[in-house]
Amino acid sequence: MPNKKKNASAGSRSYLAMNLQYARTLRGWSQEQLGFECSLKRTYIGALERGEVNPGLDNIDRIARALGVPGHTMIQDPREAHPHFLSSAKRR
C-alpha cells in the first residue's frame, strides 16, 4: 500500500516550498525581507520553504502579491511556475 504522507509531500506543499525559495532568491531577498514585504514572520517563511507548515490561502496570496505573480503560480509544478517568476522579476 502506498505511503500517503510521502505522496502528499510531492504535491502542492513541496511545490510551494521550491517556488517560494526560487522566487525569493531570484529577487535577492532574504527570508526576513520577504516576510517584511508580505507582513509575515521570517520563521514562517522558513517553515514554508522547508515544507513544514500547511499555509492558508490568504498567506499564499500575500506572498504571491509580494512576488508579483498570481496566487496559483505558487503551488504549480516548478517547471511551469519558474518562467512566471522570471518575467515578474524583470518587471520590477
Side-chain angles (χ1 to χ4, degrees):
M1 180 175 259
N3 181 345
K4 290 181 181 181
K5 189 170 185 171
K6 185 175 181 182
N7 291 340
S9 70
S12 298
R13 193 185 308 181
S14 65
Y15 288 170
L16 173 66
M18 288 183 271
N19 289 335
L20 180 56
Q21 187 172 22
Y22 176 77
R24 179 181 62 76
T25 57
L26 184 64
R27 283 164 182 71
W29 290 355
S30 64
Q31 290 177 344
E32 186 172 7
Q33 174 146 10
L34 176 58
F36 176 78
E37 297 290 334
C38 57
S39 301
L40 296 169
K41 295 183 183 226
R42 177 202 55 81
T43 54
Y44 182 70
I45 299 295
L48 287 172
E49 288 186 1
R50 292 186 300 276
E52 295 174 348
V53 295
N54 189 22
L57 291 175
D58 291 340
N59 287 339
I60 291 173
D61 284 341
R62 291 167 106 174
I63 293 166
R65 269 194 306 279
L67 296 170
V69 297
H72 72 274
T73 304
M74 298 305 300
I75 59 171
Q76 278 185 317
D77 184 316
R79 293 170 291 196
E80 297 171 17
H82 288 189
H84 295 284
F85 297 125
L86 284 170
S87 64
S88 71
K90 290 178 187 175
R91 290 192 303 260
R92 290 186 174 240

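In this text the structure is predicted, and so the values were computed from the model without any measurement. We count residues from 1, following the sequence as given.
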Pairwise distance CG(Leu34) to OG1(Thr25) - rounded to 0.5 angstrom: 10.5 Å
From Asn19 atom CG to Phe85 atom CZ, the distance as rounded to the nearest 0.5 Å: 4.5 Å
Residue pair Met74 / Val69: nearest heavy atoms and the distance that separates them: SD-CG2, 4.0 Å
Nearest heavy atoms of Ile60 and Gly71, plus distance in Å: CG2-O, 3.7 Å
Cluster check Phe36, Leu40: I/L/V/M/F/W/Y, side chain < 4.5 angstrom: no
Rounded distance (nearest 0.5 Å) linking atom OG1 of Thr43 with atom CD of Glu32: 10.5 Å
For Arg50, side chain to side chain contact (heavy atoms under 4.5 Å, CB included) partners two or more places apart: Ala47, Glu52
Minimum side-chain heavy-atom gap Ile45-Ile63 below 4.5 Å: yes
Heavy-atom closest contact (Leu48 atom, Val53 atom, distance): CD2-CG2, 3.4 Å
Whether over 12 other heavy atoms sit under 6.0 Å from Glu80 CD: yes
Selection residues 53-64 - residue pairs positive for salt bridge (Lys or Arg N to Asp or Glu O under 4.0 Å), sequence neighbours left out: none
Distance-minimising heavy-atom pair for Gly56 and Tyr44: N-OH, 4.2 Å
Where Gln31 and Gly46 come nearest, the two heavy atoms and their spacing: NE2-CA, 3.5 Å
Heavy atoms from other residues, nucleotides or ligands near OH of Tyr22 exceed 12 (cutoff 6.0 Å): yes
Evaluation steps, side chain to side chain contact (heavy atoms under 4.5 Å, CB included), between Gln76 and Thr73: CA-CA 5 Å; Gln76 278 185 317; Thr73 304; 3.9 Å; yes
Nearest-0.5 Å distance that lies between atom CG in Asp77 and atom CD1 in Ile75: 11.5 Å
Shortest non-hydrogen separation from Ala66 to Cys38 and the atoms involved: CB-CB, 3.9 Å
Under 3.5 Å donor-acceptor, Arg24 side chain and Trp29 backbone: yes
